[in-house]
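Have a look at the structure below, then the notes.
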Amino acid sequence: MTDDALAVRLLAIFVDELDEQVQQLNDDLLALERTPDDAARLQAVFRVMHTLKGASRAAGLPRVEEVCHVLEHELSRVRDGSATLGGAQIALLFEAADALGETRDSLRQGHGVPEAALAAVLQHARGRSVAAVVPRPPAGAAPIVAAAAAPPSVVPFRAPIVADAAVAAGAPPATGTLAATERPDDAQRATTHVRVTLHQVDAIAGAAGEIAGLAAVLSDRADDLAALRAESRAVRGHAAGQATFDLDRALTRALRRAGDDARALAAVSARLGTSARHLRQRPFTELTETLPRVVRDVALDVGKQVRLVVTGGEIEADRVVLEALREPLLHLVRNAIDHGLESTADRIAAGKPAEGEVRIEGALAGDRLRVTVSDDGVGLDLTAIARGIERRGRAVPADERSVARAIFDDGFTTRATATTLSGRGVGLGIVRAAAERMGGTVDVTSEKGKGTAITMDVPLSIATMRVVLVQVGDVILGVPSAFVIRVARADPRKLARVDGRPMLVARGQPTPVTTLAALLGPPFVESPPAAMLQLVVLESGGRRMAVVVDDLHDERELVLRPLEHAGHSATNATVGTALLSSGQVALVLSVPALLAHESGGAAAGSALAADSREDRPPARILVVDDSITSRTLEQSVLSAAGYDVVTAVDGAEGWRTIERQDIKLVVSDVEMPLLDGIGLCQRIRANARTATLPVILVTSLDEPAQRARGLEAGADAYITKSSFDQDTLLDTVRMLIGRHP
């Protein structure tokens with residue numbers, strides 16, 4: 001190896017070592033800040049400086065070596081009892097940790113050593129000694145720094161939030177608490193590691209996917225051979241002979257070998273894929289190990305006392321997933337401290353502990369990783385969120401859960417002015433976007449006065465994914481199975497309608513129906529309506545949608561590849577591509593992104609609104625409403641469209657009219673005297689002669705539970721008066737009974 005090659009190699013090794021040592025340094029400083037007399041932690045900090053001094057010398061980085069040497073010297077004075085540590089000195093050590101972290105990042109990016117940051121540390125160290133000199137104790141006296149017991153698995157930390165001058169004057173520091181899992185000891189770190197790049201792992205995963213595809217092709221060839229054998233046997237039945245018998249035997253042998261080869265190839269592919277997945281997996285602790293320092297610094301900035309608790313560190317997930325979660329998790333933690341937790345005074349006034357708690361919980365849910373960041377703070381201010389929605393020119397949702405989810409909208413903030421921590425409306429939008437790019441979701445729950453929890457639900461791996469394959473036109477699409485509630489077939493004529501939108505009603509719950517082509521938009525085009533619709537019912541983030549597809553194939557595990565150079569809208573709608581055994585490329589959809597941006601108009605796709613009953617004569621429609629104004633309006637709209645309209649003032653009169661006349665459709669209010677619209681609908685459904693009579697409920701009752709009550713009573717459509725217009729009414733009527741001639 002040449003000298004230049006060796007230098008490059010040593011520098012790369014140093015950067016990796018610096019990464020680990022900086023994290024260790026931060027952990028030890030957090031503990032040392034809490035208990036400055038902890039001899040074990042002091043020794044650990046000293047050892048980091050000593051190790052990095054030697055490593056930087058070997059890597060040819062004299063400025064880094066100089067910083068480590070100065071700090072090592074001062075720490076040795078504390079260790080031998082001739083000096084002690086104060087708040088200002090601890091702050092300087094944190095400054096050094098930050099400078100070393102900046103050095104790591106700069107070297108990793110090929111930018112060289114950040115001279116200014118390291119020079120600032122040296123200047124501060126020489127101008128203000130790390131060690132505050134104290135008189136050396138007389139011989140035989142007890143040492144100032146007492147030995148401490150080994151650190152427990154969960155330990156507290158002290159984060160001073162008062163000025164150094166106050167501490168120096170003897171004022172007790174304000175404190176917070178931090179729970180953190182214990183880092184592996186030196187014996188655990190002694191395991192031999194072989195460095196494998198993510199590119200190499202991706203290559204292995206890609207090869208596994210290609211082998212799986214070849215196995216599927218080979219299986220198809222076995223099917224072809226089986227068909228050929230069946231055909232030869234049919235021929236043999238007509239013209240038996242030695243030649244046909246030999247052909248049959250040869251085909252049987254070839255078929256058996258092809259089947260064996262396909263199974264063997266599939267087994268190899270499975271083992272290779274499993275190995276690749278294991279190589280990509282990293283522990284959840286790698287995602288959270290830097291957060292104790294983040295919590296300490298943010299707590300100092302906002303003057304709050306904070307306790308961080310991390311659970312689920314033993315869980316493993318794809319390293320790409322963990323890296324993608326790093327920035328969102330940072331935003332959530334900062335947001336929990338800045339927005340979620342009250343000030344110390346407010347917590348005490350509310351009868352809470354002065355110290356607030358932020359929890360990070362990692363958990364497995366099937367083949368998905370669920371990460372929850374929660375706090376025990378004040379909870380979401382739904383009134384302020386509603387005002388923020390109105391300022392953006394949007395209608396405030398009726399239910400509180402939808403109001404709360406507005407915090408994930410791009411640019412949303414309740415802060416009137418921005419600070420260094422928040423107020424620019426960026427953080428939580430980033431969280432949602434990051435989750436959706438991985439085919440995941442984000443949700444929020446909150447209780448006033450008790451706190452807020454935000455949960456990200458993402459795949460454990462985005463290298464492979466189980467999907468349901470569907471077809472729209474000539475395009476094969478993959479729908480991640482995690483979001484598929486069920487598949488179904490439905491008669492388009494039997495779909496219910498709510499505000500003109502087709503609805504699939506199952507167990508009393510109406511689900512909007514649209515075509516997948518309409519949901520995706522151009523260049524996808526809706527196909528003509530079929531006699532029976534093939535539906536895939538999807539759910540994500542509390543939203544449910546039934547999408548119509550042209551064909552349903554099967555469910556399978558696919559190896560994903562990124563979709564590059566396709567534009568922002570395409571990459572937002574997909575999580576990647578996959579090569580099928582047929583040689584076709586399938587686009588794998590991001591269901592959360594599709595449903596999050598679904599608009600009200602998309603659900604009334606033209607394919608579902610097609611009218612196949614143009615030749616019917618004018619139909620007689622009964623309008624039932626106790627309000628003469630509403631009754632006259634609906635009568636005039638329907639009459640102008642060519643329908644024969646009769647009216648009734650309540651449900652009882654309406655039922656008598658139905659018994660006497662040939663009514664083709666009923667339009668009824670809900671709230672009426674004598675017999676309301678729900679009761680009228682139930683009476684219609686209970687009578688054998690009128691059981692299939694279409695019923696449209698037009699009402700001011702707009703709550704989801706009230707809609708469900710109307711649909712459960714048997715209504716075919718539900719229109720709210722708040723969104724009423726003549727086009728909605730006429731479109732709904734035409735969907736149910738067709739146009740006038």
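Excluded from the calculations below are hydrogen atoms, water molecules and symmetry mates; all remaining heavy atoms, backbone and side chain alike, are included. Since the structure is predicted, the reported quantities are computational estimates derived from the model, not experimental observations.
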Side-chain heavy atoms of Thr290 within contact of Asn26, under 4.5 Å: no
What's the separation between atom NE2 in His69 and atom CG in Leu52, rounded to the nearest 0.5 Å? 14.5 Å
Could you grab the distance from atom CG of Leu291 to atom CZ of Arg326, nearest 0.5 Å is fine? 8.5 Å
State, yes or no, whether a side-chain contact exists between Val295 and Val358 at a heavy-atom distance under 4.5 Å. no
Between Gln23 and Asp19, is there a side-chain donor-acceptor contact under 3.5 Å, judged purely by atom types and distance? no
Less than 4.5 Å apart, any side-chain heavy atom of Leu332 and any of Val371? no
Is any side-chain heavy atom of Asp37 closer than 4.5 Å to one of Thr35? yes
Can you give me the closest heavy-atom contact between Arg108 and Asp16, atom names plus distance? NH2-OD1, 3.9 Å
Nearest heavy-atom pair of Leu92 and Ala125: which atoms, and what distance? CD2-CA, 3.6 Å
Closest heavy-atom contact between Thr441 and Ser540? CG2-OG, 3.1 Å
Side-chain heavy atoms of Leu558 within contact of Met465, under 4.5 Å: no
Would you say CZ of Arg466 has more than 12 non-hydrogen atoms from neighbouring residues, nucleotides or ligands within 6.0 angstrom? yes
Just by distance, do the side chain of Thr103 and the backbone of Val113 share a donor-acceptor pair under 3.5 Å? no
Is the shortest heavy-atom distance from the side chain of Leu428 to the side chain of His331 under 4.5 Å? no
Short question: side chain of Asp375, backbone of Leu341 - any donor-acceptor pair under 3.5 Å? no
Going through the checks in order, is the side chain to side chain contact (heavy atoms under 4.5 Å, CB included) test met by Met49 and Val70? CA-CA 9 Å; Met49 291 302 173; Val70 169; over 6 Å; no
Can you tell me how far apart CD (Glu72) and OG1 (Thr51) are? Round to the nearest 0.5 Å. 9.0 Å
Could you tell me whether a side-chain N or O of Ser76 sits under 3.5 Å from a main-chain N or O of His73, the two making a donor and an acceptor? yes
Between Leu325 and Met438, does a side chain to side chain contact (heavy atoms under 4.5 Å, CB included) hold up when you go through it step by step? CA-CA 10 Å; Leu325 288 175; Met438 290 184 283; 3.8 Å; yes
Pair Asp105-Gln109, side-chain donor/acceptor within less than 3.5 Å: no
Give, for atom CG of Asp28 and atom CD of Glu33, the distance between the pair rounded to the nearest 0.5 Å. 13.0 Å
Identify the two heavy atoms, one from Gly60 and one from Pro62, that lie closest to each other, and give their separation to 0.1 Å. O-CD, 3.3 Å
Measuring only between side-chain heavy atoms, which start at C-beta, is Leu364 closer than 4.5 Å to Phe284? no
Contact summary for Ala117 and Glu102, nearest pair of heavy atoms: CB-OE1, 3.5 Å
Indicate the atoms forming the closest heavy-atom contact of Glu289 with Asp27, along with that distance. O-OD1, 4.0 Å
When rounded to the nearest 0.5 Å, the distance separating CG of Leu118 from CD of Glu65 is 12.5 Å
Is there a donor-acceptor contact under 3.5 Å from the side chain of Thr574 to the main chain of Leu587? no
Nearest-0.5 Å distance that lies between atom CZ in Arg368 and atom CG in Asp457: 4.5 Å
Checking Leu589 against Phe483 for the side chain to side chain contact (heavy atoms under 4.5 Å, CB included) test, could you report, in this order, the C-alpha distance in whole Å, the side-chain angles of both residues, the deciding distance, and whether it holds? CA-CA 11 Å; Leu589 301 177; Phe483 300 104; over 6 Å; no
4.5 Å side-chain heavy-atom contact, Leu42 and Asp38: no
What's the verdict on side chain to side chain contact (heavy atoms under 4.5 Å, CB included) for Phe46 and Val78, showing C-alpha distance, side-chain angles and the deciding distance? CA-CA 10 Å; Phe46 177 86; Val78 178; over 6 Å; no
